[in-house]
**Q** 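There's a structure below that I have some questions on.
Predicted model only: the values in this text are computed from it and were never measured.
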Amino acid sequence: MSGSNLYEYALVRYLPDRERGEFVNIGLVMMCKRRRWIRMATSIVPSRLLAVKAIHTPDEIELQLDGLRRVASQRVSSGPFADLPAEERFRWITAAKSACICTSSPHPGLTTDDLDSTFDRLFASLVE
């Protein structure tokens, strides 16, 4: 399977209260080590935030997500993440955190499609 790509992905989640354990999927981060590829996208649906009694506004959540998106960006030219390969950026984003923004455990996958198409399919089915 020379045209296949092994990848890992994790859902980005908003948890308004860790004790209740409720969350809303608000994004996806995906990485392919062999291709040195990483991508992250988010989508905050305000009505879903109401369902889990969000204590943060969408703007406050977006502000927190901006930092993670910068880590995932392949165009970072300076700062502590600039020289890190895609897999180390992915590991940093998916590390366990006790914050209102966290990720699911990483999940593996294998695709013969291009990585962007696979990402778009996963994002549509798991986040939107």
**Q** State, yes or no, whether a side-chain contact exists between H56 and P16 at a heavy-atom distance under 4.5 Å.
**A** no

**Q** Is the backbone N or O of L84 less than 3.5 Å from a side-chain atom of R89, with the two atoms forming a donor-acceptor pair by type?
**A** yes

**Q** Is a donor on one side and an acceptor on the other found under 3.5 Å between the side chain of S43 and the backbone of E128?
**A** no

**Q** Please state whether the rings of Y7 and Y9 are parallel, tilted or perpendicular, taking 30° and 60° as the class boundaries.
**A**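 Tilted: the ring planes of Y7 and Y9 meet at 30° to 60°.
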
**Q** If you measure from NZ on K33 to CZ on R91, what distance do you get to the nearest 0.5 Å?
**A**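 CZ of R91 is found 8.5 Å from NZ of K33.
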
**Q** Kindly work out whether a path of hydrophobic side-chain contacts (I/L/V/M/F/W/Y, heavy atoms less than 4.5 Å apart) joins V45 to L28.
**A** no

**Q** Quick one: closest heavy-atom pair of F119 and M30, and the distance?
**A**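 Nearest pair, atom of F119 first, then M30: CD1-CB, 3.6 Å.
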
**Q** If you group Ile, Leu, Val, Met, Phe, Trp and Tyr by side-chain heavy-atom gaps below 4.5 Å, do L126 and F123 land in one group?
**A** yes

**Q** So, for A99 and R18, which heavy atoms are closest and what is the spacing to 0.1 Å?
**A**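 What the structure gives for the nearest pair is O-NH1, 3.4 Å.
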
**Q** Would R34 and N5 satisfy side chain to side chain contact (heavy atoms under 4.5 Å, CB included), going step by step from the backbone distance to the final call?
**A** CA-CA 8 Å; R34 188 178 83 178; N5 292 300; 3.2 Å; yes

**Q** Any side-chain to backbone donor/acceptor pair from H107 onto S105? Under 3.5 Å, distance only.
**A** yes

**Q** Salt bridge check: are R39 and D120 linked by an N-O gap of less than 4.0 Å?
**A**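 Salt bridge present between R39 and D120.
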
**Q** For the atom pair CG (N25) and OG (S125), what is the distance rounded to the nearest 0.5 Å?
**A**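 OG of S125 is found 10.0 Å from CG of N25.
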
**Q** Let me confirm one number: the CD-CD1 distance from E62 to I26, rounded to the nearest 0.5 Å.
**A**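 It is 7.5 Å, given to the nearest 0.5 Å.
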
**Q** Is there a path from I61 to I55 through hydrophobic residues (I, L, V, M, F, W, Y) whose side chains come within less than 4.5 Å of each other?
**A**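 As far as the 4.5 Å side-chain criterion goes, I55 and I61 are connected within one cluster.
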
**Q** Measuring from M31:CE to I93:CD1, what's the distance to the nearest 0.5 Å?
**A**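 Here the interatomic distance stands at 10.0 Å.
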
**Q** Please tell me whether F23 and V127 are part of a single hydrophobic cluster in this structure, the criterion being side-chain heavy atoms less than 4.5 Å apart.
**A**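 In one cluster: no.
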
**Q** Between R69 (side chain) and T42 (backbone), is there a donor-acceptor pair under 3.5 Å?
**A**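 Between the backbone of T42 and the side chain of R69 there is no qualifying donor-acceptor contact (under 3.5 Å).
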
**Q** Side-chain heavy atoms nearer than 4.5 Å, only ILVMFWY residues, links allowed to pass through others: does that put I101 and L15 together?
**A**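 Cluster IDs for I101 and L15 differ.
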
**Q** Grab the two heavy atoms, one from I38 and one from A86, that are nearest each other, plus how far apart they are.
**A**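 Here I38 and A86 meet closest at CD1-O, 3.8 Å.
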
**Q** For the CE atom of M40 and the OG1 atom of T103, what is their distance to the nearest 0.5 Å?
**A** 9.0 Å

**Q** Closest approach of G109 and L6, non-hydrogen atoms and distance?
**A**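 Looks like O-CD1, 3.2 Å.
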
**Q** Out of curiosity, E60 CD to I44 CD1, how far, rounded to the nearest 0.5 Å?
**A**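 Nearest 0.5 Å value for the CD-CD1 distance: 10.5 Å.
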
